[in-house]
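Computed from a predicted structure; not experimentally measured.
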Amino acid sequence: MIHRVTCDKCGSISEYDDRSIWEGNREREEVECPVCGNIIGSVFTDLIPVARLISKG
C-alpha cells in the first residue's frame, strides 16, 4: 500500500510503499524524508522503504 505523508519539519510531501516479500523475515524500519532526513513514518517490512519526493515544501 502506498502512503503519502507531509513532513512536519520541512513541509515536503512524499510517498512510500509498506509492502513485504517474505512474511517471516520482517523488521520495523523507519522512513526518512528525502529532503531533510526527518522520520516521516515507520513500517514493518523485509525491504528497505524509500520515500519518493512528490512536492518540496
Side-chain angles (χ1 to χ4, degrees):
M1 178 176 185
I2 301 290
H3 296 277
R4 187 172 280 198
V5 294
T6 301
C7 178
D8 57 359
K9 186 175 179 181
C10 72
S12 296
I13 300 170
S14 303
E15 65 182 17
Y16 62 90
D17 194 351
D18 68 350
R19 70 182 143 174
S20 286
I21 296 175
W22 303 103
E23 283 299 317
N25 194 22
R26 298 187 289 179
E27 294 182 12
R28 180 71 49 192
E29 300 285 345
E30 294 179 333
V31 183
E32 295 182 353
C33 173
V35 176
C36 70
N38 185 42
I39 303 300
I40 57 173
S42 178
V43 296
F44 193 59
T45 183
D46 63 334
L47 302 172
I48 298 173
V50 176
R52 184 173 69 96
L53 182 64
I54 302 296
S55 173
K56 191 171 180 177

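- Scanning both residues, I54 and R4, for their nearest heavy atoms gives CD1-NH2, 3.9 Å.
- With rounding to the nearest 0.5 Å, the separation of CZ in R52 from CD1 in I2 is 8.0 Å.
- Annotation for I48: atom CD1 does not count as buried by contact number, only 12 or fewer foreign heavy atoms lying within 6.0 Å.
- Here E29 pairs with nothing under the salt bridge (Lys or Arg N to Asp or Glu O under 4.0 Å) rule; sequence neighbours left out.
- Residue G57 comes nearest to S12 through the heavy atom pair N-OG, 2.9 Å, listed as atom of the first residue, atom of the second, then distance.
- Between the side chain of D46 and the backbone N or O of I21 there is at least one donor-acceptor pair closer than 3.5 Å.
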Side chains of residues 36-44: which donor-acceptor partners sit under 3.5 Å, not counting sequence neighbours?
residue: N38; atom: ND2; partner: D8; partner atom: OD1; Å: 2.8

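- Shortest non-hydrogen contact noted between T6 and I13 is OG1-CG1, 3.7 Å.
- The backbone N or O of R19 sits less than 3.5 Å from a side-chain atom of T45, completing a donor-acceptor pair.
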